[in-house]
There are 2 protein chains.
Amino acid sequence: MNTIFKALSHPVRRQIVVMLRGGPMSSGQIAEAFDMAWPSVTAHLKVLRRADLVDAERDGTSIRYRLKISAAEEAMAFLIEMFGSASGVASREQTLREESEPA
Amino acid sequence: MNTIFKALSHPVRRQIVVMLRGGPMSSGQIAEAFDMAWPSVTAHLKVLRRADLVDAERDGTSIRYRLKISAAEEAMAFLIEMFGSASGVASREQTLREESEPA
DNA sequence: ACTGTAATTAGATTTATGCCTAATTGCAAC
DNA sequence: GTTGCAATTAGGCATAAATCTAATTACAGT
């Protein structure tokens with residue numbers, strides 16, 4: 001649980017999660033999207049992997065990262081438990097869409 | 001949004017949130033609950049306040065901290081947005097612990 | 001085996017967190 | 001106004017996080 005929130009506490013990592021929502025991506029594709037050195041992105045991916053928010057598998061010469069929702073559901077359950085039921089949450093789903101802050 | 005996840009990324013701060021779920025508490029009451037120096041707890045409360053997860057008001061000689069759910073709902077909405085639709089979230093509240101149904 | 005591309009690991013540096021003790025502020029009661 | 005308790009701020013220190021460049025590993029194609 002700790003690792004999940006920690007992982008999501010960095011804007012780059014949340015952005016990666018957002019991107020993977022559209023389907024699996026290679027490490028290189030992800031790295032390209034950010035104005036930072038590739039190894040830095042790799043480090044972020046490592047954090048996400050340790051939090052079990054993504055998994056990775058080799059695909060030929062590249063490595064494909066893919067979203068895993070199970071861990072995120074835990075975080076969601078925590079929030080629901082802490083801050084009340086999901087009432088009104090669906091309506092906020094709209095408001096949130098512009099999140100995606102860049103690095 | 002960043003501050004919210006950052007705030008929730010520390011176990012002590014999540015614990016404080018849990019405690020405040022049961023109603024407002026004074027700074028001293030909160031500090032007592034942890035095996036750490038009071039100023040350290042104060043620092044955590046500051047982080048929670050900056051994340052707008054709690055607010056504080058003076059009550060005579062002490063200061064009462066109280067949970068604010070609005071910011072938490074944003075975080076929840078983010079998770080819902082990222083890891084699946086809101087469909088079934090309420091019902092999932094029950095079954096989340098063991099189940100890990102794929103998206 | 002050699003070369004080129006994909007990705008990670010290693011190592012170093014800077015900045016941010018988390019913790020402590022000591023000093024300070026705010027209020028209440030005397 | 002001074003004493004006492006509640007709480008925060010200040011200052012210092014140790015560990016962790018985020019970033020970079022350089023070196024390394026892994027695979028594909030030749």
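Below, all heavy atoms of this structure are taken into account, side chains as well, without hydrogens, waters or symmetry copies. In the text below, chain A, chain B and the rest are named by the order of the sequence lines, each starting its count at 1. These numbers come from a predicted model, not from an experiment.
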*Separation of D:dT9 P from B:Trp38 CH2 (nearest whole Å)*: 13 Å
*Taking for each residue the nucleotide of DNA chain D bearing the nearest heavy atom, is the 5' side occupied by A:Val41 or by B:Ala56?*
B:Ala56
*Of the candidate nucleotides C:dG26, D:dT19, D:dT9, which contains the atom at the shortest distance from the side chain of B:Thr61?*
C:dG26
*Nucleotide D:dA16, atom P - distance to NE2 of B:His10 in whole Å*: 12 Å
*So, do B:Val54 and B:Lys68 sit near enough that their side-chain heavy atoms are less than 4.5 Å apart?*
no
*Taking OP1 and OP2 of C:dT8, is either one under 4.0 Å from a side-chain nitrogen or oxygen of A:Ser27?*
yes
*Mind calculating the distance between CZ (A:Arg14) and P (D:dA18) to the nearest angstrom?*
12 Å
_Whole angstrom value for the distance that separates P of D:dA16 from NZ of A:Lys46_ = 15 Å
*State, yes or no, whether a side-chain contact exists between B:Phe5 and A:Lys6 at a heavy-atom distance under 4.5 Å.*
no
*Under 4.0 angstrom between A:Ser40 side-chain N/O and D:dC20 OP1 or OP2*: yes
*Measure the distance from NE2 on A:His44 to P on D:dT19 and round it to the nearest whole Å.*
4 Å
*asked:* Does a side-chain N or O of A:Arg13 approach OP1 or OP2 of D:dA18 to a distance below 4.0 Å, or not?
replied: yes
*Checking side-chain contact (heavy atoms from CB on, under 4.5 Å) for the pair A:Arg64/A:Met25: CA distance, chi angles, key distance, verdict?*
CA-CA 5 Å; A:Arg64 296 191 82 65; A:Met25 294 175 72; 6.0 Å; no
*asked:* Rounding to an integer number of Å, can you tell me how far A:Ile30 CD1 sits from C:dA6 P?
replied: 14 Å
*Under 4.0 Å between a side-chain N/O of A:Thr42 and OP1 or OP2 of C:dA7, yes or no?*
no
*Validation row: A:Ser26, A:Tyr65 side chains within 4.5 angstrom (heavy atoms)*: no
*With the threshold set at 4.0 Å, does a side-chain nitrogen-carboxylate oxygen contact exist between B:Asp55 and B:Arg49?*
no
*Would you mind reading off the distance between A:Leu45 atom CG and C:dA6 atom P, rounded to a whole angstrom?*
16 Å
*asked:* Between A:Tyr65 and C:dT8, is there a contact of a side-chain N or O with OP1 or OP2 at under 4.0 Å?
replied: yes
*Can you tell which of C:dC19, D:dA10, D:dC20 lies closest to the side chain of B:Met36?*
C:dC19
*Using the closest heavy atom to pick a nucleotide of DNA chain C for each, name whichever of A:Ser26 or B:Val47 lands nearer the 5' end.*
A:Ser26
*Spacing between B:Ile63 atom CD1 and D:dT9 atom C1', to the nearest angstrom*: 12 Å
*Does B:Lys6 have a side-chain nitrogen or oxygen under 4.0 Å from the phosphate oxygens OP1 or OP2 of C:dT17?*
yes
